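Note that the coordinates shown come from a computational prediction; the quantities given were computed from them, not determined experimentally. All values below come from the heavy atoms of this structure, side chains included, with hydrogens, waters and symmetry mates left out. Convention: sequence-line order gives letters A, B, ...; per-chain numbering from 1.
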Amino acid sequence: MIVHVALPIPVTKAFSYFAPDEWGPCIRKYSRVAVPFHNKTLTGFVAGFEEGTGPGLKEIIEVLDPFPLLTAPLEDLVEWASRYYVAPPGVVLKCALPLTLHIERYLCVRANARSLGSLDSMPLRKALKAAGKIALLHHLREGSATLFDTLTGADFLPADTIGGDGAGGEKTLYAGEISGRLERYLQLIAAHLEKGNNVMMLLPDYFSAGAYFYRALSAAFRDRVFWYGSSIPLKKRMEAYFRARQDHGCLILGNKSAVFLPVNRLSCIVVERDEEDEYRNEEGFRFNPPAVAIQRAGIERTGLFIGSASPSIESYHRAREKGFIFIDSKWPVDRHFDEHIHEVIAKSYGALLEELVATANKALERGESVAVFTPRKDYGSFIQCAECKKPFLCPRCEGALNYQKETGRLTCNNCAGDFTFKEQCSYCGGNIIRFGQIGAEYIEEHLKGALPQYPVVRFSGDAGKKRAKPPLPSGKQPYVLIGTQPLSKLYDVHVHTLVLFGWEDMRRMAGYRSDEKMFHVLINLLDALTPREVFFFMDSRKKVDPSSLFDMEAFYRDELNKRKTADFPPFTRAFLVEVVKKTKEAGLPVVKKIKDALAQQGLFDHITGPLVQRKKAYRWKMILKGNDEILYQTLLEIYDMPGVRIEVDPPNI
DNA sequence: AGCACGCCGACT
DNA sequence: GTCGGCGTGCTC
């Protein structure tokens, strides 16, 4: 027989192989198979099969999963995701059926017929050899033998026998503060677990918000909470896998690939902070787990509960359009933040820093702690010689450089270049260096110098991913905490005064979503740190009125109106097409090919982005907008062109 | 994605 | 005269 195999490589077509006819019963849709490719072995997924022999086809080496691993609704979900995210099925399946999961290693045979007594409790691998693959499979199908896993001891159910009751469920969007969210999650999850159902919950990260929720949920549902994710050891992950698949009354937590887990008796999916960019899967298959979860809840007809202090525009829009129960706790209004907003406007960083010291000092003297948010984590960028005014540019690509004082490195945003910083201008030799943009490191240094009697702590999540908490002083001693966006996840940290420094710069950092991002950052900082007073420190030339962000209802309404008028998501889909080539000559034909392919479909007008040129690696960015039905075939064609990357729903354009 | 093949610069 | 850079193309 001929088997079509979807391989986990960025090529849209499937590859065909030959398999002996007697393997027929083992070959199921999306079974993992080992196949020769180039001169090595690759694991792919069965996409289809047919009778016959093809000339020159190589032979499949082995069928790794003789039983289906995906439930029918999950197959639909994978196919939806493959199309929606313009990714080959093999690439999606690699994420849904990780090759590191050696399920068979944890499976043993349970003999239900006396004649098979010799196989009882035998590891699956051994039993396959002892009884023969085809014979054992026959027993498994007849029920004279079953499988169980050694981690939970429960029966290993074939994927096509597991699933929810499809009873449907409420879809809820809850906009509320952390304590309200946690309370609702606890109630909701308890109700589902009591019925013997399983609940899946997505969290935006593992170490920060994830750890906070894991603690709270584990305390409430002892021994019933399991993490599934790449951050935990394989054996624990496997246990979560088997619990999800065959146990009941379990809460399965995860943040990315967990959305594709087969879950028996799944009755509700919970998504915390759906708007977080951290949900974006970076490696290989780029997808947004909350979006997939929403689709899954629809396909499997489970309940869906999205909770956030500031839901994404997409969720808000969807909730309104698709008849979600929408609960707005109106918490920013209840807390009367608008009575405690202070604007501090100045023409230079020097003046703002002086004001910052005074503001912090006032709070500290009263015994109150201060948090300073800034959008940049480094020491500074837009580096310039004070004498000759020449900027420090990346020697490789002439892009703008960022200076990290801690490591003494200059890094380039464009080409990811990394250089040693010298406090000397390469043109005139001057050694007075200015920074056009300052970040958390700079502010930390300045405050440490100006407020030596108080602890000043800097926290930017990526400094050490495993460190979920900043090293704050214990006891009642007031402190200053400086950081970037990870500050908004410190649900255990509370300050009296929140200062947003250089906050208005976020407006230029995220394209059409910049206002939304500012909104999310502000709202989540208020939610986590519960400040009593909020200061907006802004450059007088770039000041942004923050008051509109406190009226959430008005914010969503206005933002959606703007998006509708400008024809942006969620009203139109957006695709970012990037062409990266070493030389300009190599890139231009590809760009032309893309333009031609679009023009043929009458889609030329969808190119809205300018062509951006870089020195070392040449890079072209095109933003395509439109209905994916019209674009899809063209996008597939573009996908297979060398040096092209497509990103669906790009968050930063 | 990998990996092989192929064409231009600094070396014993 | 070769070694090795990466740029291009192919993989059932």
Side-chain angles (χ1 to χ4, degrees), chain A residues 1-21 23-24 26-64 78 81-82 85-100 230 256-257 280-287 396-397 415-417 576-594 596-597 613-620 635-648:
Chain A
M1 64 196 298
I2 298 170
V3 182
H4 307 292
V5 179
L7 293 170
I9 57 173
V11 173
T12 54
K13 69 168 186 171
F15 291 80
S16 304
Y17 292 86
F18 169 79
D21 285 339
W23 285 19
C26 301
I27 291 172
R28 300 292 203 88
K29 194 175 185 187
Y30 297 148
S31 288
R32 293 180 294 186
V33 288
V35 294
F37 192 74
H38 267 313
N39 356 337
K40 51 177 209 139
T41 305
L42 221 60
T43 304
F45 310 91
V46 174
F49 38 85
E50 58 186 275
E51 293 298 306
T53 49
L57 292 187
K58 290 191 182 176
E59 193 172 323
I60 287 185
I61 296 167
E62 199 188 349
V63 181
L64 301 166
V78 163
S82 165
Y85 288 106
V86 199
V91 172
V92 180
L93 286 159
K94 189 188 174 186
C95 180
L97 299 170
L99 310 171
T100 47
S230 50
K256 285 174 187 155
S257 57
R280 191 159 54 131
N281 193 41
E282 289 291 345
E283 68 263 12
F285 170 43
R286 291 166 180 253
F287 70 104
R396 256 170 46 191
C397 74
C415 67
L576 174 67
V577 177
E578 264 186 297
V579 178
V580 184
K581 286 279 175 181
K582 274 278 159 65
T583 64
K584 197 168 149 187
E585 293 69 34
L588 283 172
V590 180
V591 174
K592 186 168 178 343
K593 250 170 91 182
I594 294 172
D596 289 347
Q613 201 185 72
R614 301 280 149 84
K615 257 224 162 151
K616 177 85 181 185
Y618 285 80
R619 188 185 296 258
W620 293 260
L635 284 170
L636 278 186
E637 217 178 290
I638 292 171
Y639 184 95
D640 279 328
M641 294 177 189
V644 178
R645 220 195 65 196
I646 296 178
E647 187 170 345
V648 171

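Taking atom CE of residue A:Met641 and atom P of nucleotide B:dA1, one finds them 16 Å apart after rounding to whole Å. Distance A:Ile2 CD1 to C:dC12 C1': 11 Å, rounded to the nearest Å. One can place CZ of A:Phe37 at 11 Å from P of B:dC3, the figure rounded to the nearest angstrom. The nearest whole Å value for the distance from the CD1 atom in A:Ile9 to the P atom in B:dC3 is 12 Å. Going from atom OH of A:Tyr639 over to atom C1' of B:dA1 covers 9 Å, rounded to whole Å. Whole-Å rounding puts the A:Lys593 NZ to C:dT8 P distance at 12 Å. Rounded to whole angstrom, the span from the CD atom of A:Glu59 across to the P atom of C:dT11 amounts to 20 Å. Atom CG of A:Asp640 is separated from atom C1' of C:dC10 by 12 Å (rounded to the nearest Å).
Among the protein residues, A:Val11 comes within range of the nucleic acid bases, having at least one heavy atom under 4.0 Å from a base atom. Heavy atoms of A:Pro36 sit under 4.0 angstrom from primed sugar atoms or phosphate atoms, though from no base atom.
Among B:dA1, C:dC12, C:dT11, the nucleotide with an atom closest to any side-chain atom of A:His38 is C:dT11. For A:Lys40, the listed nucleotide lying nearest its side chain is B:dG2; candidates were C:dT8, B:dG2, B:dA1. Side-chain atoms of A:Lys581 lie closest to C:dT8 of the nucleotides C:dT11, C:dT8, C:dC12. Nearest to the side chain of A:Asn39, among C:dC12, B:dA1, B:dA4, sits B:dA4.
No side-chain donor-acceptor contact under 3.5 Å links A:Asp640 to the backbone of A:Val11. When atom types are taken as modelled, the side chain of A:Tyr17 and the backbone of A:Pro36 share a donor-acceptor pair closer than 3.5 angstrom. Judged by distance alone, with hydrogens and angles left aside, the side-chain atoms of A:Arg286 form no donor-acceptor pair with the main-chain N or O of A:Tyr85 at under 3.5 Å.
The local environment of CD in A:Glu50 is crowded, with over 12 non-hydrogen atoms from other residues, nucleotides or ligands closer than 6.0 Å. The neighbour count for A:Lys256 NZ, taken as heavy atoms of other residues, nucleotides or ligands under 6.0 Å away, is above 12.
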